[in-house]
**Student:** 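Structure in structure tokens, see below.
Here is the naming used below: chain letters follow the sequence lines, and residue numbers restart at 1 for every chain.
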2 protein chains.
Amino acid sequence: MASTTSRLRSRAKPASADSGNDRLDSHVLESLVGYNTRRAFLVIGAVFAERMAAYGLKPVDFSVLSLLAHNPGATSRQLCAKLDILPPNFVNIVAAMDRRGLIERKPHPFDGRAVGLHLTPAGEALVKEAERAVIELEAEASSKLSARERETLIRLLQKIYL
Amino acid sequence: MASTTSRLRSRAKPASADSGNDRLDSHVLESLVGYNTRRAFLVIGAVFAERMAAYGLKPVDFSVLSLLAHNPGATSRQLCAKLDILPPNFVNIVAAMDRRGLIERKPHPFDGRAVGLHLTPAGEALVKEAERAVIELEAEASSKLSARERETLIRLLQKIYL
DNA sequence: TATTGTTATACTCTATAACTATA
DNA sequence: TATAGTTATAGAGTATAACAATA
């Protein structure tokens, strides 16, 4: 999701034979939860990428850090299950945050195969800032919704995936 | 999104030192529109992939076909703008559906650079079936929502991206 | 000079198979 | 025999630069 942001809403001059850029009838698509959910996610994802680049965090990085902040010692297996990430794809994510000094791996208390993941002090500090930034960015991205509408939206989305 | 489906809800026997697979505290993530939107999309996307494989249609293919059904002669440029697809990435999508005999390219009435995209009779037939299938699959994927809740959900999502 | 469609390309994301060490 | 973590790798998805034909 590199520069998705720059592609949104390009209101240029009505050049040539483009008989109405977005004057296409899309009533079927717009009646679908899947289509609308994806479109909304793309917008929020673009705002996220734009704002969180300052912290060097992609959505998955933020999710892992936030989860570790509230579940110290969680294992890769647990985080993968929670976030629907395949273990092989999780290895580099953890390794990168380890190299950045945000997390560290400690032996699991009673399972020699597993590794407990913990935030370092630097990780703790970053996740505090990051959570504030995300909450702020979310408020802006959903600024057309009232507080009550936003709660309703989240509740309805959770009825689909929970 | 190949076999995302198979990874959902794997209720196996509680094996070893996994002290609670999904017993992780994720209250911060679950309070975010971005996180919930993505999770809901993943579920619906998995159902879509599972059901629409029979028609050989991915979400983007269906979107293009549905758009062409209601906007015959639309150009690649218009479809790219509507669906937020980059033109280079659209070339193969159109070419594949052309090879399948679902669409055909006709010269644009008054712009020699552009190409009008049209459904073939086979494309028309497929999109009719596909739209029925998607509407059915959507109803099941959002079966925990009442008709009114589903409308509300779509309305709120559109307030974010429209 | 700008736009449509295109090629080539690269980077990210997601997926499977198979290995190791532990259980 | 099964699980946690890992390696290697392949396939989508998504991005940019640059070109030809047309406006």
Side-chain angles (χ1 to χ4, degrees), chain A residues 1-8 10 12-19 21 38 41-42 45-46 49 53 58-61 63 73-81 83-96 98 103 105-117, chain B residues 1-8 10 12-19 21 38 41-42 45-46 48-49 53 56-61 63-64 73-81 83-96 98 103 105-117:
Chain A
M1 193 177 293
S3 73
T4 309
T5 306
S6 59
R7 293 195 296 106
L8 298 173
S10 50
K13 46 190 158 185
S16 58
D18 195 339
S19 52
N21 256 337
R38 175 171 154 75
F41 173 72
L42 286 178
K58 283 174 289 188
V60 63
D61 302 314
S63 295
T75 67
S76 290
R77 163 79 181 75
Q78 286 178 300
L79 296 172
C80 281
L83 298 174
D84 252 310
I85 299 170
L86 264 5
N89 300 329
F90 198 63
V91 173
N92 287 331
I93 294 168
V94 168
D98 194 352
I103 65 176
R105 323 181 195 201
K106 297 180 183 173
H108 190 279
F110 59 91
D111 188 335
R113 300 166 300 180
V115 179
L117 270 18
Chain B
M1 191 179 296
S3 73
T4 309
T5 306
S6 60
R7 292 194 296 108
L8 297 175
S10 50
K13 45 191 156 185
S16 59
D18 195 338
S19 52
N21 256 335
R38 175 171 154 75
F41 173 72
L42 286 179
F48 186 104
L57 296 179
K58 283 172 291 188
V60 63
D61 302 315
S63 295
V64 170
T75 66
S76 289
R77 163 80 182 73
Q78 286 178 300
L79 297 171
C80 281
L83 298 174
D84 252 308
I85 299 169
L86 265 3
N89 300 330
F90 198 61
V91 173
N92 287 331
I93 295 169
V94 168
D98 195 352
I103 66 175
R105 321 182 197 201
K106 297 179 182 174
H108 190 280
F110 58 91
D111 189 334
R113 299 167 301 182
V115 179
L117 268 19

**Student:** Determine the minimum heavy-atom distance between Phe48(B) and Lys58(B), stating which atoms define it.
**Tutor:**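 The pair with the smallest heavy-atom distance is CE2-C, 3.6 Å.
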
**Student:** Can Ser76(B) and Val115(B) be said to form a side-chain contact (heavy atoms from CB on, under 4.5 Å), step by step?
**Tutor:** CA-CA 7 Å; Ser76(B) 289; Val115(B) 179; over 6 Å; no

**Student:** At their closest point, which heavy atom of Cys80(A) faces which heavy atom of Leu86(A), and how far apart are they?
**Tutor:**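 Residues Cys80(A) and Leu86(A), closest heavy atoms: SG-C, 4.2 Å.
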
**Student:** What pairs of nitrogen or oxygen atoms, one from the protein and one from nucleotides 5-9 of chain C, lie under 3.5 Å apart?
**Tutor:**
residue, atom, partner, partner atom, Å
dG5(C), OP1, Val115(B), N, 3.1
dG5(C), OP2, Arg77(B), N, 2.7
dT6(C), OP1, Arg105(B), NH1, 2.7

**Student:** What is the separation between atom CD1 on Ile85(A) and atom P on dT16(C), rounded to the nearest whole Å?
**Tutor:**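 In whole Å, dT16(C) P and Ile85(A) CD1 are 15 Å from each other.
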
**Student:** Once you round to the nearest 0.5 Å, how far does CG of Asp111(B) lie from OG1 of Thr75(B)?
**Tutor:**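 Answer for the CG-OG1 pair, Asp111(B) versus Thr75(B), is 8.5 Å.
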
**Student:** Leu83(A) CG to dA15(C) P: how many Å, rounded?
**Tutor:**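 Going from CG in Leu83(A) over to P in dA15(C) covers 14 Å.
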
**Student:** What does the inter-axis angle of the helix from dT1(C)-dA23(D) to dA23(C)-dT1(D) come out as, five pairs per end, nearest 10 degrees?
**Tutor:**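 Inter-axis angle at the termini of the helix from dT1(C)-dA23(D) to dA23(C)-dT1(D): 0°.
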
**Student:** I need the CG-C1' distance between Leu42(B) and dG13(D), as an integer number of Å.
**Tutor:**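 Checked: the CG to C1' distance equals 14 Å.
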
**Student:** Nearest-Å distance, CZ (Arg38(A)) to C1' (dG13(D))?
**Tutor:**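 From Arg38(A) CZ to dG13(D) C1': 9 Å.
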
**Student:** Please round to the nearest 0.5 Å and tell me the distance separating atom CG of Leu117(A) and atom NE2 of His108(A).
**Tutor:**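 Reported value, rounded in 0.5 Å steps: 11.0 Å.
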
**Student:** Consider side-chain contact (heavy atoms from CB on, under 4.5 Å). Of Asn92(B), Ile85(B), Val91(B), which one does Asn89(B) pass it with?
**Tutor:**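 The option that passes is Ile85(B).
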
**Student:** In whole angstroms, how far is the C1' atom of dA8(D) from the CZ atom of Phe90(A)?
**Tutor:**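 Value for this atom pair: 19 Å.
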
**Student:** Would you give the length of the straight line joining atom CD1 of Ile93(B) to atom OG of Ser63(B), rounded to the nearest 0.5 angstrom?
**Tutor:**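 Between atom CD1 of Ile93(B) and atom OG of Ser63(B) there are 9.5 Å.
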
**Student:** Looking at Lys58(A), does any N or O in its side chain come under 4.0 Å of the phosphate oxygens OP1/OP2 on dC13(C)?
**Tutor:**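 The answer is yes; a side-chain N or O of Lys58(A) sits under 4.0 Å from OP1 or OP2.
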
**Student:** CD1 of Ile93(A) versus P of dG5(D): gap in Å, rounded?
**Tutor:**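 Computing the Ile93(A):CD1 to dG5(D):P distance gives 14 Å.
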
**Student:** Quick one: Asp111(A) CG to dT20(C) P, roughly how many Å, whole number?
**Tutor:**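 Between P of dT20(C) and CG of Asp111(A): 19 Å.
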
**Student:** What's the CZ-P distance between Phe110(B) and dA21(D), to the nearest Å?
**Tutor:**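 Interatomic distance, CZ of Phe110(B) to P of dA21(D): 23 Å.
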
